[in-house]
Amino acid sequence: MEEQEEKKEQKKKIKVKMREQPPLERIKNFNEVPHGYSPEEAVEEAIRCLSCKRPTCVDYCPVEVDIPGFLKLVKEGEFLEAAYKVKETNALPAVCGRVCPQEVQCESGCIVGKKGEPVAIGNLERFVADYEAEKGEVMIPEKPKPTGRKIAVIGSGPGGLTCAADLAMSGHQVTLFEALHKPGGVLIYGIPEFRLPKLIVEREVEYIKKLGVELVLNAVIGKIFTVDELLNEQGYDACFICTGAGLPMFMGIPGENLNGVYSANEFLTRANLMKSYLFPRYDTPIKRGRWVAVVGGGNVAMDAARVAMRLGSEKVYLIYRRSEAEMPARKAEVHHAHEEGIEFLFLTNPVRYLDDGQGNVRGVECIKMELGEPDESGRRRPVPIKGSEFQMEVDIAIPALGTRANPLLPKTMPDLKLNKRGYIIAEEATGMTSKRGVFAGGDIVTGAATVILAMGAGRKAARAINEYLKWKYWDFSGLAISQ
Amino acid sequence: MFKILKKEEKSDLVILFEIAAKDIAKKAKPGNFFILKIHEEGERIPLTIADFDRDKGTITSVFQKVGKTTYHLGILNEGDYLSDVIGPLGNPSHIENFGKVVCVGGGVGIAPVYPITKALKEAGNKIISIIGARSKDLLFWEDKMRKVSDELIVTTDDGSYGRKGVVTIPLEEILKGDQVKATKKHVPSFEDREVVQEPSVNLVIAIGPPIMMKFVCKTTEKFNVKTIVSLNSIMVDGTGMCGACRVEVGGETKFACVDGPEFDGHKVDFDLLMKRLQMYLVEEKVAMDMYSGKM
Ligand SMILES: Cc1cc2nc3c(=O)[nH]c(=O)nc-3n(C[C@H](O)[C@H](O)[C@H](O)COP(=O)(O)OP(=O)(O)OC[C@H]3O[C@@H](n4cnc5c(N)ncnc54)[C@H](O)[C@@H]3O)c2cc1C
Ligand SMILES: Cc1cc2nc3c(=O)[nH]c(=O)nc-3n(C[C@H](O)[C@H](O)[C@H](O)COP(=O)(O)OP(=O)(O)OC[C@H]3O[C@@H](n4cnc5c(N)ncnc54)[C@H](O)[C@@H]3O)c2cc1C
Ligand code: SF4
Ligand code: FES
């Protein structure tokens with residue numbers, strides 16, 4: 001009897017696992033890895049929540065979802081109500097449930113986590129959102145009275161989508177401009193199908209269209225229209241810039257322009273946006289490497305490595321200059337990558353790519369690193385160990401070293417203040433920039449960050465735009481600057 | 001959706017489209033390109049805006065059938081639609097009165113060189129144009145080029161029309177002529193003054209296959225004449241987001257779509273460009289074979 005109690009206690013300490021495609025099976029397809037909870041599993045997991053009076057999980061959620069509130073509804077089996085509850089503060093729960101780094105956000109604050117595993121808030125968020133979509137009972141709010149105001153939102157990533165939705169709900173006429181031929185930003189071109197099915201992103205886009213947002217694809221703002229033209233000639237009252245940080249960085253080492261060396265952005269864009277994993281049914285080709293080296297330790301590197309694996313590579317190496325503890329990638333994905341047989345080379349950095357004599361990459365020369373003194377980021381700085389160079393044979397190399405601000409749009413706006421690194425300077429609480437009527441947020445302000453932070457910025461800007469439309473007051477102090 | 005309003009078959013391989021794209025036409029400038037995608041499964045391919053009509057709201061493209069996408073484009077007709085057209089992309093050409101300019105267009109490169117030649121002419125330059133192709137049936141726009149040039153030289157590799165040989169032969173002659181005059185300049189005799197009045201070539205613009213641009217640059221380098229080329233590297237987004245279009249100019253990596261497509265030809269690593277253009281030869285053949293099988 002006592003033993004049984006103990007077992008129960010023990011069980012409470014660990015979360016209900018999501019069933020997943022087994023690693024050996026899933027590396028042969030692009031289908032989503034976890035299957036998601038069943039209603040029973042969801043209730044079982046939600047019961048682990050203590051419904052804290054002072055819920056510390058919420059403190060760590062960038063948009064302050066009422067976590068105990070929605071978990072209580074899950075416990076009661078009120079799944080639709082639970083979904084609506086989440087949606088009060090988070091416009092894209094099906095996305096966030098899948099891609100947020102919960103281990104450093106809500107789940108890191110969960111009290112249950114002190115003695116065992118925290119409540120699987122992300123899994124449950126995903127469950128309620130999927131449940132709502134499956135039931136086909138997605139709520140379309142009643143159309144508010146039109147205000148007659150026109151707003152341009154530039155960039156259809158998570159930040160742009162959120163801002164457009166919020167503004168439409170306030171009754172404004174919203175046009176969402178997107179440079180690519182498909183909306184969704186990184187959610188479409190960057191994050192692969194097996195981590196975030198594109199159907200989910202399409203569903204969210206359909207939803208905001210139903211709210212009345214007009215979507216204009218293939219519109220590279222700065223080229224086809226400038227922001228000044230939108231504001232002065234096309235009658236837009238305000239504009240929100242949320243164009244992401246899309247410029248890939250290279251290390252500047254020899255051999256980076258050899259055939260077979262891809263920026264992670266290109267590799268993922270070919271695979272995801274252009275669906276080249278379905279080549280030749282889809283026209284865009286992609287090189288399928290036998291031995292692939294991915295360089296970097298973030299989500300982008302993890303995604304590139306796992307895509308390479310699924311394209312049929314024999315061996316995929318992930319080269320990272322620090323150690324596993326410093327890797328910024330979402331923990332769940334690191335775990336998945338390990339399971340899928342990706343070989344991690346920590347404390348290693350490439351120094352040059354080797355030519356096969358025909359202009360193709362045939363290998364990479366690396367150097368071993370050790371951790372020295374902490375740098376500005378507080379992480380210990382990796383320093384090369386002299387004489388530790390070694391070579392590896394690879395036929396595809398994918399540097400995933402982060403991105404920078406794309407100057408294409410800012411270049412056409414001389415009156416828009418940028419910081420030293422080319423990001424737009426905007427007030428954190430409002431997204432207000434140095435240019436009257438122009439707001440900005442997401443990665444183009446903060447540098448590469450997260451989906452939820454971009455969404456948060458979209459929401460704050462929508463609120464600030466509403467205020468601006470009321471008072472037409474512009475006071476950019478430039479003090480409360482993010483970064 | 002973007003409608004094809006006009007189709008002209010310039011030859012078996014070269015086709016002209018006029019596409020309805022009002023907003024792009026409004027902004028297009030010589031030197032710009034656009035990207036198109038035929039349908040959901042299609043590839044994004046870059047093509048130059050060879051001409052535009054702001055009143056009609058159209059852009060003109062001349063393309064050569066070389067692989068799956070361009071062959072597929074070739075079977076489309078007036079009234080058909082393209083799912084995506086994105087532009088205008090790339091930096092426009094730098095247009096001013098340089099004095100005397102030689103404009104070289106090779107093969108389908110005649111199309112992109114035309115709007116630049118026209119703009120340079122309108123800016124007051126004296127223009128000598130050289131257009132060349134493998135054979136007569138691959139030539140087009142001789143009349144259009146003649147209208148915007150003070151002098152036009154036509155070459156074909158096989159001699160089926162115009163002068164036999166490649167474009168660098170007449171180019172070298174022109175530059176040599178200048179050199180002769182320039183040396184004469186130092187002879188203070190009165191008759192030679194007249195000759196010196198004739199300006200020498202200040203700029204060469206060359207657009208065509210990479211191998212042609214490479215040899216044009218080798219030629220002009222000898223005479224130290226600034227040469228602008230337009231690079232046709234493989235592209236995906238065309239907005240600086242992927243780096244597929246990397247080229248090396250003066251030892252530095254540049255993205256052709258946003259830093260170019262025009263560059264100082266004397267600094268371009270053409271061998272790298274040519275190697276990078278061959279990256280997908282195997283896949284392109286697979287795609288083309290499948291496609292011709294389907295046809
Ligand atoms: C491969 C990858 C994996 C990631 N994984 C995660 C993850 O697991 N969890 C997480 O939280 N975050 C992740 N991130 C980061 C996250 O995706 C970004 O922080 C977030 O998408 C930023 O949103 P955004 O709205 O600012 O911009 P983006 O999502 O970058 O969207 C910007 C959009 O603007 C468009 N655009 C750009 N310029 C113009 C223009 N001139 N005119 C019109 N449109 C333009 C772009 O085409 C794009 O569609 C990942 C990023 C990548 C690249
Ligand atoms: C800025 C720019 C302007 C161009 N303007 C013209 C033009 O006005 N007329 C014209 O006929 N061609 C032009 N091109 C080249 C044209 O884009 C390619 O011929 C076309 O993409 C070939 O596609 P395909 O599927 O028919 O052939 P494929 O079989 O895919 O390729 C044939 C060859 O074309 C090149 N190529 C393939 N894919 C691309 C790509 N996505 N981008 C660039 N090159 C590629 C490669 O060298 C390849 O070996 C231009 C290219 C650039 C970059
Ligand atoms: S901290 Fe954990 S236990 Fe407390 S309310 Fe939040 S999820 Fe529930
Ligand atoms: S085509 Fe992608 S960066 Fe130039």
Side-chain angles (χ1 to χ4, degrees), chain A residues 179-182 189-190 216-226 229 243-250 252 256-270 273-276 278-288 355 358-360 399 403-409 411, chain B residues 2 21 23-24 26-27 32 34-45 67-69 72 83-90 234 236-248 252-253 255 257-258 269 271-280 282-284 286-291:
Chain A
L180 292 169
H181 59 267
K182 267 193 196 150
Y189 79 72
V216 182
L217 299 173
N218 298 323
V220 184
I221 303 302
K223 292 287 184 185
I224 193 158
F225 312 122
T226 61
E229 284 165 349
T243 48
L247 205 73
M249 292 206 276
F250 289 91
E256 266 177 337
N257 294 334
L258 289 169
N259 285 344
V261 182
Y262 280 108
S263 78
N265 262 19
E266 180 186 353
F267 190 72
L268 291 170
T269 301
R270 283 181 183 272
L273 177 71
M274 305 312 297
K275 293 218 170 27
S276 59
L278 299 175
F279 179 87
R281 190 150 77 70
Y282 277 68
D283 289 344
T284 307
I286 193 164
K287 283 281 170 203
R288 293 169 183 251
D355 192 339
Q358 317 275 334
N360 306 306
T403 48
R404 285 178 298 154
N406 190 333
L408 188 141
L409 176 60
K411 228 172 47 187
Chain B
F2 297 80
D23 294 325
I24 300 177
K26 222 188 233 164
K27 281 298 175 66
N32 282 144
F34 70 102
I35 281 184
L36 67 77
K37 187 158 98 31
I38 300 178
H39 58 158
E40 162 67 19
E41 292 86 9
E43 185 174 12
R44 293 167 66 105
I45 68 156
K68 152 114 202 234
T69 304
H72 187 169
S83 74
D84 304 279
V85 172
I86 304 112
L89 298 172
I234 292 178
V236 181
D237 61 301
T239 63
M241 187 265 272
C242 76
C245 59
R246 306 203 290 293
V247 292
E248 273 178 35
E252 263 181 71
T253 297
F255 289 5
C257 68
V258 284
D269 184 340
D271 296 334
L272 178 76
L273 174 70
M274 286 187 268
K275 274 181 198 145
R276 286 187 64 82
L277 282 170
Q278 292 178 351
M279 180 153 169
Y280 297 102
V282 179
E283 290 80 4
E284 284 156 5
V286 169
M288 193 58 212
D289 287 351
M290 275 223 355
Y291 181 66

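Chain letters run A, B, ... following the sequence lines, proteins first and then strands; every chain starts at 1.
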A.B. asks: Is there a side-chain contact between A:Y282 and B:E43 in this structure, where contact means two heavy atoms from C-beta onward sitting under 4.5 Å apart?
C.D. replies: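 No - every pair of side-chain heavy atoms lies 4.5 Å or more apart.
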A.B. asks: State, to 0.1 Å, how close A:P248 and B:G243 come at their nearest heavy-atom pair, and which atoms those are.
C.D. replies: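 Smallest interatomic distance, heavy atoms only, reads CG-N, 4.2 Å.
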A.B. asks: So do A:M274 and B:E41 actually touch side chain to side chain, heavy atoms under 4.5 Å?
C.D. replies: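 Of all side-chain heavy-atom pairs linking A:M274 with B:E41, none is under 4.5 Å.
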A.B. asks: Of all the heavy-atom pairs spanning B:M290 and A:P280, show the shortest one and how long it is.
C.D. replies: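 Scanning both residues completely, I find the closest heavy atoms to be SD-CG, 3.7 Å.
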A.B. asks: Taking atom CD of A:E266 and atom CZ of B:R246, what is their separation to the nearest 0.5 Å?
C.D. replies: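 CZ of B:R246 is found 7.0 Å from CD of A:E266.
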A.B. asks: Counting only non-hydrogen atoms closer than 4.5 Å, does B:L277 touch chain A with its backbone (N, CA, C, O), its side chain (CB onward), both, or neither?
C.D. replies: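 Contact with chain A: none, neither part.
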A.B. asks: Would you say A:F279 and B:V286 make side-chain contact, with heavy atoms under 4.5 Å?
C.D. replies: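 Yes. Closest side-chain heavy atoms under 4.5 Å.
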A.B. asks: Check whether B:E252 gets within reach of chain A through its side chain, its backbone, both or neither, counting any heavy atom under 4.5 Å.
C.D. replies: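 For B:E252, there is no contact with chain A at all, as no heavy atom is under 4.5 Å.
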A.B. asks: Under 4.5 Å from any heavy atom of chain A, what part of B:H72 do you find: side chain, backbone, both or neither?
C.D. replies: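 Neither part; nothing is under 4.5 Å.
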A.B. asks: Give the intermediate values and the outcome of side-chain contact (heavy atoms from CB on, under 4.5 Å) for residues B:T253 and A:E256.
C.D. replies: CA-CA 9 Å; B:T253 297; A:E256 266 177 337; over 6 Å; no
A.B. asks: Against chain B, label A:F225 side chain, backbone, both or neither, depending on which of its atoms sit under 4.5 Å from a heavy atom there.
C.D. replies: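 Both the backbone and the side chain of A:F225 come within 4.5 Å of chain B.
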A.B. asks: With only heavy atoms counted, which part of A:L408 is less than 4.5 Å from chain B, the side chain, the backbone, both or neither?
C.D. replies: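 When you check distances to chain B, only side chain atoms of A:L408 fall under 4.5 Å.
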A.B. asks: Quick one, A:H181 and B:R44 - any side-chain contact, counting heavy atoms below 4.5 Å?
C.D. replies: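 They are in side-chain contact.
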A.B. asks: Could you look at A:N257 and say if it's the side chain, the backbone, both or neither that has a heavy atom under 4.5 Å from chain B?
C.D. replies: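 Both parts, heavy atoms under 4.5 Å.
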A.B. asks: Which distance, rounded to the nearest 0.5 Å, do you find between the CG of A:N218 and the CZ of B:F2?
C.D. replies: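 It is 5.5 Å, given to the nearest 0.5 Å.
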A.B. asks: Name the region of B:K27, side chain, backbone, both or neither, that has any atom closer than 4.5 Å to a heavy atom of chain A.
C.D. replies: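 Contact with chain A involves the side chain of B:K27 alone.
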A.B. asks: Could you tell me whether a side-chain N or O of A:N406 sits under 3.5 Å from a main-chain N or O of B:T239, the two making a donor and an acceptor?
C.D. replies: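 Present.
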A.B. asks: Could you have a look at A:Q358, A:K411, A:R270 and say which one has the most heavy-atom pairs with chain B under 4.5 angstrom?
C.D. replies: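 Between A:Q358, A:K411, A:R270, the count favours A:R270.
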A.B. asks: Using the side-chain contact (heavy atoms from CB on, under 4.5 Å) rule, pick out the option among A:L180, A:N265, A:T269 that qualifies with B:D237.
C.D. replies: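 Checked A:L180, A:N265, A:T269 against B:D237; only one passes side-chain contact (heavy atoms from CB on, under 4.5 Å): A:L180.
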A.B. asks: Can you say whether A:L217 sits under 4.5 Å from chain B via the side chain, the backbone, both, or neither, judging by heavy atoms?
C.D. replies: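 Neither part, no heavy atoms under 4.5 Å.
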A.B. asks: Measure B:L272 against the heavy atoms of chain A and call it side chain, backbone, both or neither at under 4.5 Å.
C.D. replies: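 Contact with chain A: side chain only.
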A.B. asks: Would you compute the distance between atom OH of B:Y280 and atom OG1 of A:T284 and round it to the nearest 0.5 angstrom?
C.D. replies: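 Spacing of OH (B:Y280) from OG1 (A:T284) equals 9.5 Å.
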A.B. asks: Mind checking the NZ-CD1 spacing from A:K223 to B:I86? Nearest 0.5 Å is all I need.
C.D. replies: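 If we round to the nearest 0.5 Å, A:K223:NZ and B:I86:CD1 are 13.5 Å apart.
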A.B. asks: Can you check whether B:C242's main-chain N or O pairs, donor with acceptor, with A:S263's side chain at less than 3.5 Å?
C.D. replies: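 Here the side-chain-to-backbone pair exists.
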A.B. asks: May I ask you to say whether B:K26 pairs ionically with A:E229, meaning some side-chain N is under 4.0 Å from a carboxylate O?
C.D. replies: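 Looking at A:E229 together with B:K26, the answer is no, because their closest N to O distance does not fall below 4.0 Å.
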A.B. asks: Which atoms of A:L258 are under 4.5 Å from chain B, going by heavy atoms: the side chain, the backbone, both sets, or neither?
C.D. replies: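 Contact with chain B: backbone only.
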A.B. asks: Applying salt bridge (Lys or Arg N to Asp or Glu O under 4.0 Å), name anything that partners B:E283, two or more places apart in sequence or on another chain.
C.D. replies: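 Counting only residues at least two positions away or on another chain, B:E283 forms a salt bridge (Lys or Arg N to Asp or Glu O under 4.0 Å) with A:K287.
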A.B. asks: Report the distance from atom CZ of B:R276 to atom CG of A:N259, rounding to the nearest 0.5 Å.
C.D. replies: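 Result: 6.0 Å between the selected atoms.
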